[in-house]
Structure formats: C-alpha cells, structure tokens
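Right, one structure below, let's go through it.
Order of listing sets the numbers, starting from 1, for every ligand and every atom in it.
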Amino acid sequence: MNHSQKTQKHIIIVGAGPGGLTSAMLLGARGFKVTLLEKNGRVGGRNAAIIRNGYKFDTGPTFLMMKFILDEVFEEAGRQSADYLQFVKLEPMYRLQFEDMAFEPTTDHAAMLKQLNEKFPGNAEGYWHFLETEQERFRRMYPCLQKDYGSLKSYLSMDLLKAVPHLSLGKSVMDVLGGYFKPDRLKLCFTFQAKYLGMSAWNCPGLFAILPFVEHGYGIYHTQGGLSEISEAMAKICREYGVDIRLNSPVKQLFLDGRDVRGVELESGEKILGDETVLNADFGYAMNHLVPPGVLKKYSPPKVDQREFSCSTFMLYLGLDKIYDLPHHTIFFSQDYRKNIEDVFEHKVLSEDCSFYVRNASVTDPNLAPPGHSAVYVLVPVPNKTAAIDWTKEKNGFRDRLIEAMETRGGMKDLRSHIREEIVLSPDDWHSQNIHFGATFNLAHKLSQMLYFRPRNKFEELGNCYLVGGGTHPGSGLPTIYESGRIAANLISRAHGVPFLSRNTQV
Ligand SMILES: Cc1cc2nc3c(=O)[nH]c(=O)nc-3n(C[C@H](O)[C@H](O)[C@H](O)COP(=O)(O)OP(=O)(O)OC[C@H]3O[C@@H](n4cnc5c(N)ncnc54)[C@H](O)[C@@H]3O)c2cc1C
C-alpha cells in the first residue's frame, strides 16, 4: 500500500513561488494530497514570467547559483532536472563595468588568473587564498543552513559549533574580502554579491563571502526560456503527482482553532480545510494580513515592522527591436559606489548616480523575443518603502534618468528609439504585489535575523503551520528558498510518519 492509499493527509500551500512549489512537488511525490493556492494567474511569484506581445521577461531571479541544490530537490521528487530544463552555464559569468575598465569573472581559473594579472597585477595569490578559505567556510556553513532550528538544541548543534570559527563574527563581507585583495575595485568585484541579499557589502555579515565563492566555485546558470521555466517545471511535476494547483485563488486569511491552523479562507469566501498549512506568501505580508488580528506575539505586525528589511528594486523590462552587443549579465558600477550604497541603505534617498544591472539574455537565448529583437531586464537597487520617497512623483523621472544612463554609461546608443514594449516597477508596485515594504529580498540577513533567529520553517507561533520562502530560514535566493521548501516538506513527512529519501549534500 503506498502512502496515498494509507493516509491522504491534506496539505494546503499558500503561494506558488519557488518555496511553495518545492514543498508541493516533494509532498506530492510522497503521496500527500496537496492543494496549492496561488493568487496570480500563473505560478512562480517573483520567479514568474512576464509575457508581453512576444517578449518574455523573468520578473526577478536571473542568476541560478548552486544548481546542484535544484538537481537534488528534483531527484528527491523522483525526477531529473535535465528532463525538464535546458541549462546553460554562463562563461564568463558576467561583466563588471567600471567607468574606465571592465572585468569579466569566470570559473575557468587559468583565464581568471590571466585577467587578474592584466588588470590587477599581484593579486593571484589572494585569489587562491579566497578560493581555498571560502570553500572551507562553505563546507562548514552549508550543513547549518539545511537544519530546521526547531529547538535551541538544534541551534547549538555540533555542525554550528564547528562552523563558529568560520563565521567571521564582527566582520563584514568587505572586511573579509579585504583580507584577500587590496585594490578597492577588485574588492568590489567580490563583494557586490551582498546585493543579492539586498544588503550593503559594508554591513553584510562576513560569512556571506561564501556568495562570491559559490559563483567562482560552481558557476552561474541560465535556463533556456528564462529562469521562470524552473517554476513551470516544478508545477508540471506537481501536476504529474496530482497536486491541485489553483490559480487566481487569493487566500484571505488562515482559519484557526485556538492557535492551530485548520485551513484557509479564500477571498471568494470558500473555506478549505487541511491537516497542515504551508505559507509561501511573503513573510512580512503574511504576518500582517493572513493571520487573524491579535493572535501573533513574536511576529505581531508592529514587531515584524520593527525588523530590518532588504532594499527594494526599481525595474525596467524592455522589449527592443534590436539586440545590443552586451553580455548576458552586466553590472554597471556608479562612479562613487560607496555613496550609492549609503544612499540606498543608510540615507534612504535616491542617488543621482546609480549602479544598475542589465540582463541581455537574448544574446544567449532566442526564446525570449522575436528574431532580431531582445528582451532586456534592468534592475536598480533602491531604498525600500520605509524610506520617505514618493514614487508616484519620482517614477517617471527615475525611469528617464535610467534610460539616459543606459544610453551613455551602458553603451546602448539610441535605446529609446528601439523600445517596443516597456514595463516599469517601483517599490510601490512590489508592495502592491503582497511584498511587505516592497523589500524584494525579504528580511535582511543580519546575524540576529538568521538561522535560529529567522522565522522558522515549522512556525513557532501557530500549530500545523509551516513557513517557506525567502523571508524564512535559510534565506532569500533560489537555492536557500528550495532548502526552505525541502525542510518544511521533510518536517511534515516526519510528523506524519512518511518515509522519504534524504540527500546528504556534499559540497
Ligand atoms: C528583482 C529580483 C531579482 C532577484 N534575483 C535573484 C537571482 O538572480 N537569483 C536568486 O537566486 N534569487 C533572486 N531573487 C530572490 C528570490 O529568488 C526570488 O524573489 C524568489 O522568487 C522568492 O521566492 P519565494 O518562494 O520566497 O516567494 P515568491 O516568489 O514571492 O512567491 C510567493 C507567492 O505567494 C503568492 N501569494 C502572495 N499572497 C498570496 C495570497 N494571499 N494568496 C495566494 N497566494 C499569494 C504570490 O503571488 C507568489 O506567487 C530575486 C528577487 C527579485 C525580486
């Protein structure tokens, strides 16, 4: 008798973002009855596609790192990722464009050394030191990210105790990289990754030096058709296992019995009962809107609002009638990068001179635009909605300045005359998509909001309730979000005595 005949426990999942989809896929594969409720008309959340008149954009994620974690969750669901997705490893990984020079990091160590010797002579040794030391830190840290931290005992585990000397306590990512490299620009090439967490490299905990390491150690991938294809592939597997994916089904509120979750009430008034409920909706939004008022203590709305959140992003999605000669990923650094970072994170104002990221995936992938056209994605880190910025006034002017910067600093000559489609998102737009404070990368990743101190995957405030997604442990970013979905699925399986294959990630 398989599990589905034996128990048919019903799991409700709120939100079909990468976290919810991972849990749904694993629980579906293990024979649970799963209902996945998504407010939008498409799966993926911030990892969904935006399709407009033949142009296809990824809403959010464009860098797939640590592909092996994605492979693992597919395998645990009885599937091979390569049967569903066409991966392209990007080499070089990206271009880092400064005012007067460019640097193109690659995982090809010989090519990397050649470039270092040309552009930053005398730093080859620092590079080897970086690779060796950060690999060891990563090896020590990763098992800590895979734990559920359901108890203080699990927090004080041997894995974490062994990792303590590798935490670089009291140091920022910038401090740590300063130990390997002296030139400021070279340090920027290995620290800008703090922005992946929506943080400043001068404040981001030093242990996140593992981020540049995972890039240099394992590479960065694109999936043909865009990274949204990953969410689509997960949804396909869910359906193969009988998961009921209900699109256009916004959840209004959790349905409680005391402090135990019994199910959910949809905006339509329909009530759905389940044995366990998994919340993938943005953490800050969920605490503010999905839990009936007066129930939460540790994460009551005022307490959640006092926490530190990531920055937001200003986005341009442009359908162009030409393909510019720009790499797949380019990061354009502002002249005074530090000031730009301080404006975003400390002064919470808009910089005159911004750093920005351009993704020109049509040079790799013909599936995103008609022949000869391109789908260009531009991201600018900006303060989240805790800042006193009136985006109704700023949005158009900011967009115009950005187009100007792309034409001049970005080398995209005559850009405005090639725009056929355009979508602009400001922090207000993110906020209206149920993303609290428009903080696109969720709760900040400072040490007091990580591991045991980050919202746990088995929610400590409510019974029969689990949390997944970037605002929960282990954190924002696709691989860690997949981990949150896997941890929750494993906890639920264990609670119901359902055996599962548990991979022991080797890094
Ligand atoms: C601009 C941007 C760039 C990023 N770039 C990268 C990158 O390059 N690499 C990387 O690894 N990560 C990146 N990330 C971070 C992260 O990987 C993504 O944000 C990821 O999609 C977050 O997944 P999630 O599971 O936390 O939730 P989400 O993707 O936010 O999904 C939550 C889902 O819940 C749904 N929902 C909300 N409220 C309700 C409700 N009431 N009822 C029903 N459903 C509801 C939403 O519609 C959504 O589908 C980026 C994020 C952004 C925003």
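- Put simply, the side chain of R486 reaches to within 4.5 Å of the side chain of Q146, judged on heavy atoms.
- Protein heavy atom at the shortest distance from atom 43 (C) of ligand 1 is K39 N, 3.3 Å.
- Distances from atom 35 (C) of ligand 1 to the heavy atoms of E38, M66, H329 show the closest one on E38.
- An N or O contact shorter than 3.5 Å links L478 to ligand 1 by distance.
- Across all their heavy atoms, L197 and S476 have their closest contact at CD2-O, 3.8 Å.
- Of the protein's non-hydrogen atoms, V251 N, 3.7 Å is the one closest to atom 40 (C) of ligand 1.
- At the shortest separation from atom 53 (C) of ligand 1 among protein heavy atoms lies T440 CB, 3.5 Å.
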| task | For the pair F356 and F314, evaluate ring pair (Phe, Tyr, Trp, His ring centres under 6.0 Å) and give the outcome as yes or no after the intermediate values. | result | CA-CA 10 Å; F356 57 95; F314 185 91; over 10 Å; no
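- Looking at K395 and D429, their side chains come closer than 4.5 Å, going by heavy atoms from C-beta outward.
- Judged by the shortest distance from any of its heavy atoms, Y196 lies outside the 4.0 Å radius around the atoms of ligand 1.
- Atom 30 (O) of ligand 1 has as its closest protein heavy atom R46 NE, 2.7 Å.
- Inclusion of W430 in the set of residues having an N or O under 3.5 Å from an N or O of ligand 1 is not warranted.
- Looking at G60, P61, G15, G470, it is P61 that brings a heavy atom closest to atom 13 (C) of ligand 1.
- Listed by atom number, the atoms of ligand 1 under 4.0 Å from G45 heavy atoms are 29 (O), 31 (O), 48 (C), 49 (O).
- Among A281, G20, G44, S312, the residue whose heavy atom lies closest to atom 37 (C) of ligand 1 is A281.
- Within ligand 1, the atoms closer than 4.0 Å to a non-hydrogen atom of N47 are 21 (O), numbered from 1 in the order shown.
- Annotation: T62 places an N or O atom under 3.5 Å from an N or O atom of ligand 1; distance criterion only.
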| task | Give the C-alpha distance, both sets of side-chain angles, the deciding distance and a yes or no for ring pair (Phe, Tyr, Trp, His ring centres under 6.0 Å) between Y377 and Y357. | result | CA-CA 8 Å; Y377 157 128; Y357 155 64; 5.7 Å; yes
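- Of the protein's non-hydrogen atoms, F63 O, 2.9 Å is the one closest to atom 9 (N) of ligand 1.
- Test H436, H431, Q433, R46 against D282 for side-chain hydrogen bond (donor to acceptor under 3.5 Å, both in side chains) and you get one pass: R46.
- Within the 4.0 Å heavy-atom criterion, neither part of D282 lies near ligand 1.
- Of all heavy-atom pairs spanning Y317 and T59, the tightest one is OH-O, 2.7 Å.
- When hydrogens are left out, the protein atom nearest atom 15 (C) of ligand 1 is S476 OG, 3.9 Å; that is the closest non-hydrogen contact.
- When all heavy atoms are compared, the tightest approach of M112 to H216 is CE-CE1, 3.6 Å.
- Counting all heavy atoms, side chain and backbone alike, E104 lies closest to R95 at OE2-NE, 2.6 Å.
- Counting heavy atoms from C-beta outward, L296 and F459 have side chains that approach closer than 4.5 Å.
- Under the 4.0 angstrom criterion for non-hydrogen atoms, N40 is in contact with ligand 1.
- Nearest residue to atom 39 (C) of ligand 1 from I13, L467, N434 is N434 (criterion: closest heavy atom).
- Both the sub-6.0 Å distance and the 45° axial angle are not jointly satisfied by R307 relative to the ring of F309.
- Less than 4.0 angstrom separates some heavy atom of L37 from each of these atoms of ligand 1: 43 (C), 44 (N).
- Between D275 and K33 there is no salt bridge, since no side-chain N of the basic residue sits under 4.0 Å from a carboxylate O of the acidic one.
- Contacts between I481 and ligand 1 below 4.0 angstrom, taking non-hydrogen atoms only, involve the side chain exclusively.
- Polar contact with ligand 1: absent for N442 (N/O pair, distance under 3.5 Å).
- An N or O contact shorter than 3.5 Å is missing between Y377 and ligand 1 by distance.
- Less than 4.0 angstrom separates some heavy atom of G19 from each of these atoms of ligand 1: 25 (O).
- Protein heavy atom closest to atom 32 (C) of ligand 1, with residue, atom name and distance, is N280 O, 3.5 Å.
- For F333 and F98, the distance between ring centers is under 6.0 angstrom.
- Polar contact check, S249 against ligand 1: no nitrogen or oxygen pair lies under 3.5 Å apart.
- Proximity annotation for atom 23 (O) of ligand 1: of G17, S228, G471, P18, P18 comes nearest, heavy atoms only.
- Of the protein's non-hydrogen atoms, F441 CE2, 3.6 Å is the one closest to atom 51 (C) of ligand 1.
- Looking at I11 and V278, their side chains come closer than 4.5 Å, going by heavy atoms from C-beta outward.
- No option in E229, E232, E421 other than E229 meets the salt bridge (charged side-chain N to carboxylate O under 4.0 Å, His left out) test with K56.
- Residue K236 places its NZ atom among 12 or fewer non-hydrogen atoms of other residues, nucleotides or ligands, all under 6.0 Å distant.
- Taking any N or O of T59, backbone or side chain, none lies under 3.5 Å from an N or O belonging to ligand 1.
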